[in-house]
Amino acid sequence: MTDAHPGLSCRFTRAITRRPAATIARGLRAIDLGDPDLTLFERQHAAYRAALEAAGVAVTLLPPLEAFPDSVFIEDAALCFPGLAVALKPGAPSRRGESAALLPDLEAAFGRVVGLPETASIDGGDILTTDREVLVGLSARTDAAGIEALAAALAPFGYRVRRAETPAGVLHLKSDCATLGDDAVLATPRLAAAGCFAGYRVVETAGGEEAAANAIRVNDRVLLAAGFPRTAERLDKAGYALTVLDLSEAAKLDGGLSCLSLRFAG
Ligand code: CIR
């Protein structure tokens with residue numbers, strides 16, 4: 001950013017979520033681990049919303065979008081700052097329309113909503129907002145035109161965009177990292193080794209626990225997916241208060257903690 005924005009990446013008062021669609025089993029996935037169970041997904045989604053609320057966030061729940069099986073992963077359709085939202089351009093053809101479907105809700109919640117050109121592709125999962133910059137990973141979903149368009153859209157508001165590389169074979173940049181606030185990040189060793197976190201304090205996920213990296217810092221807590229005890233121990237030792245959530249059904253569609261909400265202050 002032009003200036004540091006203390007707390008921008010982890011101090012939130014509101015979140016927008018979307019109920020999983022009954023068509024969820026048609027969602028995209030890199031590897032077939034079986035279809036998610038809708039009833040269990042809904043239960044886990046409710047627990048996720050409750051954890052956000054317990055961390056001090058007022059949660060809006062939008063109705064399901066049956067035409068978009070992946071629309072529960074609402075983070076990919078927009079990027080939020082205090083008073084400002086960017087309607088993104090999801091890179092998967094089946095998800096492209098999610099952003100337009102969300103637009104009325106963004107307009108209701110934010111004083112200003114900006115769009116991006118049709119030529120751009122960019123998923124929210126590739127965008128890591130820290131307190132000093134917006135780091136965007138090139139990936140199979142996010143292209144150079146998408147990153148350039150986002151940089152141009154955010155420049156007037158004083159937010160600086162920096163380009164990074166999402167590791168090969170990884171869905172999104174934030175599949176491999178999370179902001180912890182205060183210039184600290186949680187990251188996989190493979191992403192940390194790529195050098196994009198120079199100047200940050202990095203807590204690395206434990207070996208074999210790469211999927212733990214898609215955590216979220218929400219006010220005074222870090223929400224972490226269940227099943228990663230050694231990474232949990234590292235975060236605990238580093239002084240973070242943890243809330244551990246079972247999101248097995250989202251994980252079957254390559255979804256994690258960040259993608260299930262849009263979090264913002266305002
Ligand atoms: C997809 O492939 O687009 C969805 N099945 C999962 C999206 C997860 N989004 C995210 O981590 N930001």
Side-chain angles (χ1 to χ4, degrees), residues 9 15-38 41 44-45 48 52 62 64-80 85-99 101-102 121-129 134-143 146-147 150 164 166-179 185-188 191 205 210-218 223-225 228 245 247-264:
S9 65
I16 302 176
T17 63
R18 186 177 297 286
R19 192 180 284 282
T23 52
I24 188 79
R26 301 212 300 263
L28 300 171
R29 63 200 83 177
I31 300 168
D32 196 357
L33 300 170
D35 287 344
D37 177 272
L38 179 61
F41 202 132
Q44 293 178 345
H45 196 260
Y48 173 84
L52 288 176
L62 300 178
L65 290 177
E66 301 301 341
F68 296 103
D70 280 302
S71 55
V72 66
F73 304 118
I74 193 167
E75 171 186 68
D76 292 318
L79 179 65
C80 303
V86 182
L88 297 173
K89 294 286 180 198
S94 67
R95 304 197 60 192
R96 192 74 168 177
E98 287 179 28
S99 194
L102 181 62
S121 284
I122 184 162
D123 275 17
D126 278 315
I127 306 174
L128 182 80
T129 301
V134 178
L135 193 62
V136 190
L138 273 175
S139 73
R141 301 284 178 87
T142 295
D143 61 14
I147 299 176
L150 182 68
T166 296
V170 172
L171 177 61
H172 286 131
L173 183 73
K174 279 190 299 196
S175 305
D176 268 38
C177 63
T179 181
V185 292
L186 173 67
T188 60
L191 182 59
T205 56
E210 286 75 14
N214 186 260
I216 47 175
R217 165 93 188 258
V218 182
L223 277 51
L224 182 75
F228 305 111
L245 291 167
L247 290 173
S248 61
E249 303 315 284
K252 288 176 182 169
L253 298 179
D254 306 323
L257 279 144
S258 75
C259 56
L260 292 172
S261 63
L262 293 167
R263 303 160 298 281
F264 54 100

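The first residue in the sequence is number 1, and the count goes up from there. Both ligands and their constituent atoms are indexed starting at 1 by order of listing.
- Distance alone, capped at 3.5 Å, places no donor-acceptor pair between the S9 side chain and the T179 backbone.
- Per-residue contacts place G125 under 4.0 angstrom from the following atoms of ligand 1 (heavy atoms of the residue considered): 12 (N).
- Within the listing of ligand 1, atoms 9 (N), 10 (C), 11 (O), 12 (N) sit less than 4.0 angstrom from a heavy atom of H172.
- The protein non-hydrogen atom at the shortest distance from atom 10 (C) of ligand 1 is C259 CB, 3.0 Å.
- Between I127 and the choices L135, D76, L173, L150, the side-chain contact (heavy atoms from CB on, under 4.5 Å) rule is met once, by L150.
- For S139 (side chain) and T142 (main-chain N/O), a donor-acceptor pair under 3.5 Å exists by modelled atom type.
- A distance-only check finds a donor-acceptor pair linking the side chain of Q44 to the backbone of S248 [under 3.5 Å].
- Any N or O atom pair closer than 3.5 Å counts here, and L28 shares at least one such pair with ligand 1.
- Considering only non-hydrogen protein atoms, atom 6 (C) of ligand 1 sits nearest to L253 O, 3.1 Å.
- A salt bridge between R29 and D70 is absent, with no side-chain N of the basic residue lying under 4.0 Å from a carboxylate O of the acidic one.
- No side-chain donor-acceptor contact under 3.5 Å links T17 to the backbone of S261.
- Nearest heavy atom pair, residue A21 against residue E66, reads CB-OE1, 3.3 Å.
- By the 3.5 Å distance cut-off applied to N or O atoms, S258 is not counted among the residues near ligand 1.
- Neither the backbone nor the side chain of R29 comes within contact range of ligand 1; no heavy atom lies under 4.0 Å.
- Between the side chains of D126 and T166, at least one donor-acceptor pair of N or O atoms lies under 3.5 Å.
- Counting protein heavy atoms only, atom 4 (C) of ligand 1 is closest to D70 OD1, 3.3 Å.
- Nearest to atom 9 (N) of ligand 1 among the protein's heavy atoms is D76 OD2, 2.8 Å.
- Distances shorter than 4.0 angstrom occur between a heavy atom of E75 and an atom of ligand 1.
- Residue, atom and distance of the protein heavy atom nearest to atom 2 (O) of ligand 1 are R141 NH2, 2.9 Å.
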